[in-house]
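To start, the structure itself, in structure tokens.
Note on naming: letters A, B, ... go to the chains in the order of the sequence lines (proteins, then strands), and numbering restarts at 1 for each one.
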Amino acid sequence: MTERSSNAEAVRAFRLLADLLDIGGESAYRAGAYRRAAEGIGRISEPLEAVRRRGGLQEIPGVGPSIARKIGELLDMGTIQQLEEVGREVPPGVAGLLAVPDIGPKRARLLWEEAGVDGLDALRVALEAGRVDELLGPGEARRINQGLGTLHEGEENRLPLGVARRMALDLIDHLREAAPLISRVEPAGSIRRFREAVGDLDIAAASEEPREVVEAFASLEEVSRVELKGPNRCRTILGNGFPADLWVLPERYWASLFFHVTGDKYHDIRLRDMAITRGGRLNEYGYTEGDRLKTFATEVEIYEFFGMQCIPAPMRSDVGEIDLALRGGLPRVLGLDDLKGDLHAHTDWSDGTASVRQMALAAKERGHEYLAITDHSRGLGVANGLDAERLREQGQEIDRVNAELAPFRVLQGVELEVRADGSLDLPDEVLDELDLVVASVHTGLRQDGERLTARALSAIRHSLVDVLAHPTGPIVGGRSGGDFDVDALYAEAAKTETVLEIDGDPSRMDLRDEHARAAIAAGCSLSVDSDAHSVGALGNILYGVGVAQRAWVPPERVLNILPLEGLLARLEETRSRKGSG
DNA sequence: GCCGTTTTCGGCCCGACTGTTTTCAGTCG
């Protein structure tokens, strides 16, 4: 993973360069170009060094000849000369001020030049001494002081998608109670785009009385502070410190508003560019040419207006989807309806909360044809893992449930521990009796990369392992993943036809989007699962679908789009091929 | 600095909100 860190370094370097140029009074467009390039670099999973080797740097969105050259400097010398030079003019600490809400490049420059503020600590001192008040006025000083209070230094203040989405849905419920005049209200922004970590809640609403809805929103119990409030817009900070934004317009603007609030920014800008070349402009009300406004009933109509296919929200990021949609060549990506079943779920036999029958009934109700019960194996003692004996007993219970619920089918599987030495937690003759074996590396994630990778590879190669669960091992917002050589995993999984999982549990989201994209490019098949430990959590498969869409995963590369018979045949084929190979 | 179904030069998204600006600059999403 050492190569990959150079991507993160480049993102940091170009962001810093952009900030410093901005503060130094350089053209905002030039500074913006560096910021755009940082964005583009942040979205690729391939190491920059590898991209350079194949001459592909300028294919990165926002990277042209000049920035490509600077990427070269960074790779070869570990620094960018221009950054060093600009850093001598403007102390890099000044760029840190931009993280404070209401401080942009102009105020950062003013604070630094007029009050010697060269970082966040100096800002606190200056606020204390009343110098910010003198420079910017009491109102701005108050806002900046508040903004500084919500700023968590270092760590980016983002929440796992599942947590953020739950918060947004609760907020929406309460808003509907408080403001009955709402005709529509939906989470938008990065929640709707299924980013695995979310920085704020963006909510779009339609109402003929926008002002009343804004007032109701600002008065919700959850809201601890209103940062900004207008007739159709409100930005708040919730009691837990998390920002929540609301946009409200009358129903006839809904599609344009929903599109606008969904983003992402660069996708939005590309469509606005297209509006300009047509002689008009695109905004959250519709398309305006002269004094004539054309509104849209649906997002599909917006895209059709520009002669494009409609792009699913998770795919909106201006990394090529727009050009494909213009040519009618947007690939079909996995949808929730494509999935015929779920291949990873737990019951009260290990650390789940529901019985086999309860889980099966709930899966059946969701329209699934099958559900694999994959309780933990014995090695994960903390999760009450099953040994061979208890697996046999559980098999009898599964048989009874299958007799009752046919043609729905409960598959008996196991989530099998890959031990610290790379051996598997149950003997082959036990695994051979099961419908599905999902292998997992849960423990010893702090091992060095070589050993970790070797463990995962040995699981992938094993003839009775069908799926490698949550292959990289991170917990969103918590511990980072193991130091796996992911490219080696993809290559081996593709070769052996072992399936890699997209685990939809919101605290995992693993594989994440960039990994899933790389795995698809390497030729792997994937499964998209809930990893549910309760009946309600079966719905988490939706998050897995979101990740798959962000990664442009085509349905035909996903194992559990297969109907039951096809799935069983496929599992058997792959096992026998691996066994003989 | 990037980029092109009007462009290889001359543009660069758009609108909302705040403060102390009496007509707009700065910031944000």
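- Comparing A:Arg142 and A:Lys70, the nucleotide of DNA chain B nearest to each residue sits closer to the 5' end for A:Lys70.
- Base pairing of B:dG10 is made with B:dC3, judged by Watson-Crick or G-U wobble geometry with both donor-acceptor distances under 3.5 Å.
- The separation of B:dT6 from B:dG11, taken at their C1' atoms, amounts to 13 Å, rounded to a whole angstrom.
- For B:dT18 and B:dC12, the P atoms lie 28 Å apart once the distance is rounded to whole Å.
- Side chain of A:Ser66, nearest nucleotide from B:dG1, B:dT18, B:dT27: B:dG1.
- The distance from atom CE of A:Met308 to atom P of B:dT5 is 13 Å, rounded to the nearest whole Å.
- From A:Leu249, atom CG reaches atom CD of A:Glu284 across 6.5 Å, with rounding to the nearest 0.5 Å.
- Using a 4.0 Å heavy-atom criterion, one finds that A:Arg270 contacts no nucleic acid atom at all.
- For the P atoms, the distance linking B:dC28 with B:dT22 amounts to 23 Å, nearest Å.
- Atom CD in A:Glu140 sits roughly 19 Å away from atom P in B:dC24 (whole-Å rounding).
- When the C1' atom is compared between B:dC13 and B:dC2, the two are found 16 Å apart, to the nearest whole Å.
- With sequence neighbours excluded, no residue forms a ring pair (Phe, Tyr, Trp, His ring centres under 6.0 Å) with A:Trp552.
- For the pair A:Arg109 CZ and B:dT27 C1', the computed distance is 18 Å after rounding to whole Å.
- Atom CG of A:Asp264 is separated from atom P of B:dG29 by 14 Å (rounded to the nearest Å).
- In this view, A:Glu321 satisfies the salt bridge (Lys or Arg N to Asp or Glu O under 4.0 Å) rule with no residue, not counting sequence neighbours.
- Taking 4.0 angstrom as the limit, A:Arg235 places none of its side-chain polar atoms (N or O) nearer than this to OP1 or OP2 of B:dT18.
- B:dG1 and B:dT5: their C1' atoms are spaced 24 Å apart (whole Å).
- Between A:Phe305 and A:Tyr287, the angle of the ring planes lies from 30° to 60°, which puts this pair in the tilted group.
- A parallel orientation is assigned to the rings of A:Tyr34 and A:Phe14, their planes being inclined by less than 30° (bins at 30° and 60°).
- In terms of modelled atom types and a separation under 3.5 Å, the side chain of A:Arg43 and the main chain of A:Ser317 share a donor-acceptor contact.
- Using a 4.0 Å heavy-atom distance criterion, A:Val100 is classed as a sugar-phosphate-only contact.
- With both ends at atom P, the span from B:dT21 to B:dA16 equals 24 Å, rounded to whole Å.
- A donor-acceptor pair under 3.5 Å links the side-chain atoms of A:Arg131 to the main chain of A:Ala115, judged by distance alone.
- Rounded to an integer number of Å, the gap from CG of A:Asp22 to P of B:dG1 is 14 Å.
- Looking at the side chain of A:Arg143, the nearest of the listed nucleotides B:dT18, B:dT20, B:dC2 is B:dT18.
- A donor-acceptor pair shorter than 3.5 Å cannot be found between the side chains of A:Ser6 and A:Glu49.
- Rounded to whole angstrom, the span from the CZ atom of A:Arg107 across to the P atom of B:dA25 amounts to 13 Å.
- Residue contacts for A:Arg278: at a heavy-atom cut-off of 4.0 Å it reaches no nucleic acid atom on any strand shown.
- What separates CZ of A:Arg30 from C1' of B:dG10 is a distance of 14 Å, to the nearest Å.
- A distance of about 14 Å separates the C1' atoms of B:dG26 and B:dT20, rounded to the whole Å.
- No engagement by A:Leu326 is indicated, since no non-hydrogen atom pair under 4.0 Å with the nucleic acid exists.
- Within 4.0 Å (heavy atoms only), A:Val261 reaches no atom of the nucleic acid at all.
- Following rounding to the nearest Å, A:Tyr266 (OH) and B:dG29 (C1') show an atom-to-atom distance of 12 Å.
- Checked against B:dT27, B:dG19, B:dG29, the side chain of A:Pro105 finds its nearest nucleotide in B:dT27.
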Under 3.5 Å, N/O pairs linking protein and nucleotides 12-16 of chain B:
from	atom 1	to	atom 2	distance (Å)
B:dC13	O2	A:Arg272	NE	3.3
B:dC13	O2	A:Arg272	NH1	3.0
B:dC14	O4'	A:Arg272	NH1	2.4
B:dG15	OP1	A:Arg281	NE	2.6
B:dG15	OP1	A:Arg281	NH2	3.3
B:dG15	OP1	A:Asn283	ND2	2.8
B:dA16	OP1	A:Tyr285	OH	2.8

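- A salt bridge links A:Asp245 with A:Arg235: at least one charged nitrogen is closer than 4.0 Å to a carboxylate oxygen.
- No engagement by A:Arg36 is indicated, since no non-hydrogen atom pair under 4.0 Å with the nucleic acid exists.
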